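For clarity, every value in this text was computed on a predicted model and none was experimentally measured.
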Amino acid sequence: NAGVTQTPKFQVLKTGQSMTLQCAQDMNHNSMYWYRQDPGMGLRLIYYSASEGTTDKGEVPNGYNVSRLNKREFSLRLESAAPSQTSVYFCASSARPGATEAFFGQGTRLTVV
Amino acid sequence: AQSVAQPEDQVNVAEGNPLTVKCTYSVSGNPYLFWYVQYPNRGLQFLLKYITGDNLVKGSYGFEAEFNKSQTSFHLKKPSALVSDSALYFCAVRDPRDDKIIFGKGTRLHILP
């Protein structure tokens, strides 16, 4: 079983370019998340989705948009990439709101030059 | 809004000695608390969680954590450290009223042979 799958694994963008990071889970989870990981900053929540059709801002939403396409897929879009968005991005999913832990993808390493 | 603090950027422990990685949290109401581990170039792996009940919870790889409501802490512990425990450890809190999962900045654990 694949769990949480992120694509691409690596990406280099030029400043001002746009791109979409894809995330899909095959565990029938309701909740999905996007985080970014930066040295010394830990994981910071960008956006999350408690269920299909809903999205909410996290700690650092500026410069990003998300789409919960269906129950399986949750994409993160950078409309105009900036060097400050260089980071490792993780997608995660969880069975329902509340007591269950999140399962993480392997990450997307994004460099904006 | 919920928050998590991991006061130590790095913890060094000799192999065979007990280890503690500290975590304090802030959330309204009763929290759900989690520990995750990250090995180099990998996603996060779930270790253990506290939902309710016994203040000492046991998890994977011999780890355990102690919940202390009065001190709003959830410290990760292991009686005898292994070199293979060297990794980055994250504490996380989930507010039962919504679906956010907020992480601390992480603590790098070095187990010295």
Side-chain angles (χ1 to χ4, degrees), chain A residues 2-7 9-10 21 23 25 27 29-61 66 68 74 88-109, chain B residues 1-10 21 23-27 29-53 57 59-60 63 65 67 74 87-108:
Chain A
V4 180
T5 303
Q6 292 183 233
T7 54
K9 288 185 169 49
F10 301 93
L21 280 63
C23 175
Q25 52 90 10
M27 296 173 283
H29 286 172
N30 290 320
S31 307
M32 296 187 74
Y33 307 82
W34 276 106
Y35 294 90
R36 60 177 289 174
Q37 182 178 17
D38 303 290
M41 302 297 291
L43 269 76
R44 291 181 291 171
L45 181 63
I46 304 172
Y47 272 92
Y48 64 106
S49 170
S51 62
E52 185 179 351
T54 67
T55 60
D56 287 285
K57 294 179 179 179
E59 301 169 284
V60 288
V66 290
R68 183 73 184 268
F74 188 40
V88 180
Y89 291 84
F90 287 100
C91 178
S93 70
S94 179
R96 66 180 190 279
T100 55
E101 64 271 22
F103 293 80
F104 280 79
Q106 291 301 297
T108 296
R109 186 173 296 273
Chain B
Q2 69 257 53
S3 64
V4 176
Q6 293 181 243
E8 302 152 318
D9 292 335
Q10 182 167 311
V21 182
C23 171
T24 60
Y25 66 90
S26 173
V27 67
N30 296 319
Y32 299 138
L33 296 160
F34 305 86
W35 276 101
Y36 290 81
V37 61
Q38 185 181 35
Y39 297 101
N41 300 314
R42 302 291 297 276
L44 273 71
Q45 298 176 30
F46 168 74
L47 277 180
L48 50 79
K49 65 184 176 185
Y50 172 82
I51 305 303
T52 188
V57 294
S60 306
F63 283 94
F67 171 66
F74 188 54
L88 187 57
Y89 290 81
F90 289 96
C91 182
V93 63
R94 190 171 195 170
D95 189 329
R97 299 172 304 170
D98 65 28
D99 209 28
K100 280 189 204 175
I101 304 177
I102 300 299
F103 283 79
K105 293 186 177 183
T107 297
R108 189 163 298 281

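Between chain A and the options Asn41(B), Ile101(B), Leu88(B), the largest number of non-hydrogen pairs under 4.5 Å is found for Ile101(B). The greatest number of non-hydrogen atom pairs below 4.5 Å with chain B, out of Ala102(A), Gly105(A), Gly58(A), is found for Ala102(A).
Of the candidates Phe34(B), Phe103(B), Phe46(B), Phe103(B) is the only one forming a ring-ring contact (aromatic ring centres under 6.0 Å, His included) with Phe104(A).
Interatomic distance, Leu45(A) CG to Gln2(B) CD, rounded to the nearest 0.5 Å: 9.0 Å. Between atom OG of residue Ser94(A) and atom CG of residue Asp99(B) there is a gap of 6.5 Å, rounded to the nearest 0.5 Å. The CD atom of Gln106(A) sits 10.0 Å away from the CG atom of Leu44(B) when rounded to the nearest 0.5 Å.
Of the atoms belonging to Gln6(A), not a single heavy atom falls under 4.5 Å from chain B. With a 4.5 angstrom heavy-atom cutoff, Lys57(A) touches chain B only via backbone atoms. Of the atoms belonging to Gln38(B), it is side-chain heavy atoms, and not backbone ones, that fall under 4.5 Å from chain A. When heavy atoms are compared at a cutoff of 4.5 Å, Lys49(B) approaches chain A solely by way of its side chain, counted from C-beta outward. Proximity to chain B is limited to the side chain of Arg109(A), based on heavy atoms less than 4.5 angstrom apart.
Other residues, nucleotides and ligands contribute more than 12 heavy atoms inside 6.0 Å of the CG atom of Asp38(A).
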Q: Check the pair Tyr36(B) / Tyr35(A) against ring-ring contact (aromatic ring centres under 6.0 Å, His included), numbers first and verdict last.
A: CA-CA 14 Å; Tyr36(B) 290 81; Tyr35(A) 294 90; 9.2 Å; no

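With hydrogens and angles ignored, the 3.5 Å screen pairs a side-chain donor or acceptor of Arg94(B) with a backbone N or O of Thr100(A).
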